Amino acid sequence: MGFHEKVQSRRLHSRPDLLVHPGSKMSISSDEVNFLVYRYLQESAFTFGIESHISQSNINGALVPPAALISIIQKGLQYVEAEVSINEVSADHHSDMMEVDRAVEIPASKAMVLRGHDSGDSTARIWNLSESSAGGSTQLVLRHCIREGGQDVPSNKDVTSLDWNSEGTLLATGSYDGFARIWTKDGNLASTLGQHKGPIFALKWNKKGNFILSAGVDKTTIIWDAHTGEAKQQFPFHSAPALDVDWQSNNTFASCSTDMCIHVCKLGQDRPVKTFQGHTNEVNAIKWDPTGNLLASCSDDMTLKLWSMKQDTCVHDLQAHNKEIYTIKWSPTGPGTNNPNANLMLASASFDSTVRLWDAERGACIHTLTKHQEPVYSVAFSPDGRHLASGSFDKCVHIWNTQSGALVNSYRGTGGIFEVCWNSTGDKSTREVLDHSPDQRPLNSIAKHGPVMLTTQNRRA
């Protein structure tokens with residue numbers, strides 16, 4: 001899956017009705033094609049210009065017949081219609097497969113639904129889940145606006161990322177409008193950080209809380225002064241959009257990109273401290289282990305690699321998934337953690353519908369978790385490392401025992417699940433696009449499609 005397709009996948013998967021008229025056969029008019037192309041370019045101007053390289057292509061436009069796009073789309077719709085008819089034969093069997101096992105299902109009584117987001121409403125929200133609050137939760141709406149004509153107007157762009165500082169007092173958000181913002185826990189806008197030229201895809205606070213790190217489609221990463229809101233340094237080392245960043249220390253970080261490279265950079269240095277090369281396709285995510293000694297990366301090349309600053313080649317090249325690996329997470333175990341006597345593990349989530357748990361030291365797969373039916377977008381370890389939550393486009397969040405690989409709990413929502421996380425005590429997990437602050441009381445969420453769900457784990461494993 002290409003970079004632009006990753007950015008658009010949630011919209012496309014969530015709206016299969018765009019080309020289907022209720023009560024009629026699948027069809028599309030030239031006006032509808034024109035509108036879809038216009039909307040595609042409107043939403044994707046930054047990425048289209050970077051990725052298309054039309055001026056460098058060897059396509060002979062004279063050989064492309066008139067209305068070729070409409071013809072191709074119409075044939076595609078005919079194929080889809082035929083495929084739907086075939087799938088209807090096995091619909092009952094498929095629905096049985098998708099049912100959550102009653103023995104591990106989290107009942108509705110153990111789930112809290114937080115409603116308020118509208119699709120693409122350009123907001124982040126802080127939810128207070130204190131039991132003393134009326135109705136169980138209250139929310140602060142963080143509206144992302146831009147200046148137009150001397151006044152603030154909604155940006156109408158998706159909020160792509162968010163992160164709390166270590167004290168839980170400030171929330172940073174990144175947006176498709178190209179701005180990062182810092183908010184107080186009371187929902188007030190403290191700073192607007194504007195130097196990226198295009199959408200921001202990732203941002204992270206350092207542990208000390210004095211710097212924020214961001215990555216953007218403009219191929220750069222930026223370290224921001226959280227107090228002044230000014231850019232301390234911009235790092236223009238990637239040759240394509242930067243997709244993810246992660247701090248190694250308070251002033252050193254790693255970044256990855258669609259250019260297949262990983263750079264380790266340090267504030268004040270005018271070139272990368274280290275560059276890792278070895279992936280053969282876009283690098284989707286990177287994460288330092290709890291000690292900062294090992295860096296994990298995952299890619300569209302279907303591999304997971306572990307790197308050390310002590311050598312140029314990867315320490316382990318882990319090949320087991322058979323589709324793109326979307327994200328990775330280290331367990332909060334081993335040296336340098338609150339669980340030093342437990343073994344360090346790494347979890348990988350893939351579009352092959354599986355989650356894999358790895359022994360980082362041996363470079364071996366410990367467990368393959370196979371209950372999901374669609375691409376897996378997110379994984380998160382519980383604070384004690386004993387459990388792993390996973391969220392998939394199949395609308396399910398699963399909770400697994402990391403020692404045995406057994407499925408402990410499951411919950412089926414109403415839409416694809418793109419982010420999961422735990423509260424600080426590890427007895428509740430959250431689904432949809434959601435995170436929690438370190439003081440455990442507020443939760444924050446990004447507007448995407450539908451509600452946020454909070455579920456309580458049944459402690460049986």
Side-chain angles (χ1 to χ4, degrees), residues 100-101 103-106 110-111 246 284-285 287-290 294 296 298 304 306 318 320-321 325-334 337-413 416-436 453-461:
V100 172
D101 187 343
V104 297
E105 182 179 13
I106 296 175
K110 296 285 188 179
D246 198 37
N284 296 320
K287 293 287 183 297
W288 290 100
D289 77 348
L294 284 177
C298 64
L304 175 70
L306 302 184
L318 309 178
H321 287 289
I325 305 174
Y326 191 75
T327 192
I328 47 180
K329 289 287 175 62
W330 289 98
S331 62
T333 53
T337 72
N338 293 328
N339 310 290
N341 297 322
N343 292 330
L344 178 65
M345 290 177 289
L346 183 65
S348 57
S350 171
F351 280 11
D352 66 10
S353 304
T354 71
V355 175
R356 288 181 179 266
L357 285 173
W358 305 85
D359 181 314
E361 184 176 353
R362 294 188 294 119
C365 182
I366 307 169
H367 299 295
T368 302
L369 314 178
T370 59
K371 294 294 184 181
H372 285 298
Q373 305 291 325
E374 298 285 349
V376 185
Y377 281 92
S378 181
V379 286
F381 284 94
S382 61
D384 60 9
R386 293 176 55 204
H387 296 93
L388 180 78
S390 60
S392 166
F393 190 68
D394 65 8
K395 307 178 184 180
C396 289
V397 56
H398 294 321
I399 298 176
W400 314 83
N401 182 302
T402 56
Q403 295 302 309
S404 65
L407 181 63
V408 178
N409 289 135
S410 291
Y411 187 89
R412 183 174 175 82
I417 298 169
F418 302 109
E419 192 70 55
V420 291
C421 70
W422 294 83
N423 69 342
S424 60
T425 56
D427 61 346
K428 291 182 176 67
S429 61
T430 52
R431 62 169 283 279
E432 292 292 351
V433 188
L434 178 61
D435 201 352
H436 62 85
M453 185 72 68
L454 181 73
T455 58
T456 301
Q457 182 189 359
N458 295 328
R459 289 287 189 177
R460 296 187 303 163

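Bear in mind the structure is a predicted one, so any value in this text is a computation, not a measurement.
- Side-chain contact between Lys371 and Trp400 is present, with heavy atoms from C-beta onward closer than 4.5 Å.
- Side chains of Leu369 and Leu388 form a contact here, defined as non-hydrogen atoms less than 4.5 Å apart.
- Applying the 6.0 Å contact sphere to CG of Asp352 captures more than 12 heavy atoms from other residues, nucleotides or ligands.
- Here the CD1 atom belonging to Ile399 is positioned 12.5 Å from the CZ atom belonging to Arg386, to the nearest 0.5 angstrom.
- Panel note: side chain Thr370, backbone Thr354; no donor-acceptor pair is recorded below 3.5 Å.
- Between Met345 and Gln403 the shortest side-chain heavy-atom distance falls below 4.5 Å.
- The side-chain heavy atoms of Ser348 and His321, taken from C-beta on, include a pair separated by under 4.5 Å.
- Between Pro383 and Asn338 the shortest side-chain heavy-atom distance does not fall below 4.5 Å.
- What you find for Leu344 and Pro290 is that their closest heavy atoms are CD1-CD, 3.8 Å.
- For the residue pair Asn339 and Thr337, no side-chain donor N or O sits within less than 3.5 Å of a side-chain acceptor on the partner.
- To the nearest 0.5 Å, atoms CG (Asn284) and OG1 (Thr327) are separated by 8.5 Å.
- Rounded to the nearest 0.5 Å, atoms OG (Ser378) and NZ (Lys329) are 5.0 Å apart.
- Of the inter-residue distances, the one linking Ser331 atom OG with Asp384 atom CG reads 10.5 Å to the nearest 0.5 angstrom.
- Ring geometry for Tyr377 versus Tyr326: interplanar angle over 60°, hence perpendicular rather than tilted (30 to 60°).
- Contact record, Ser404 with His367: O-CE1, 3.3 Å, taken as the closest heavy-atom pair.
- The CG atom of Leu294 lies 6.0 Å from the CG atom of Leu306; values are rounded to the nearest 0.5 Å.
- When the shell of 6.0 Å around CG of Asp359 is examined, it contains more than 12 heavy atoms from other residues, nucleotides or ligands.
- Residues Phe381 and Leu357 form a side-chain contact, since some pair of their non-hydrogen atoms from C-beta on lies under 4.5 Å apart.
- Here the closest heavy-atom approach between residue Leu304 and residue Cys298 is recorded as CD1-CB, 4.1 Å.
- Residues Ala285 and Ile328 come closest through the heavy atom pair O-CD1, 3.8 Å.
- Annotation for Ala347 and Val379: closest pair CB-CG2, 4.2 Å, computed over non-hydrogen atoms.
- From Lys395, atom NZ reaches atom NE2 of His372 across 14.5 Å, with rounding to the nearest 0.5 Å.
- Residue Cys421 comes nearest to Ala380 through the heavy atom pair CA-CB, 3.9 Å, listed as atom of the first residue, atom of the second, then distance.
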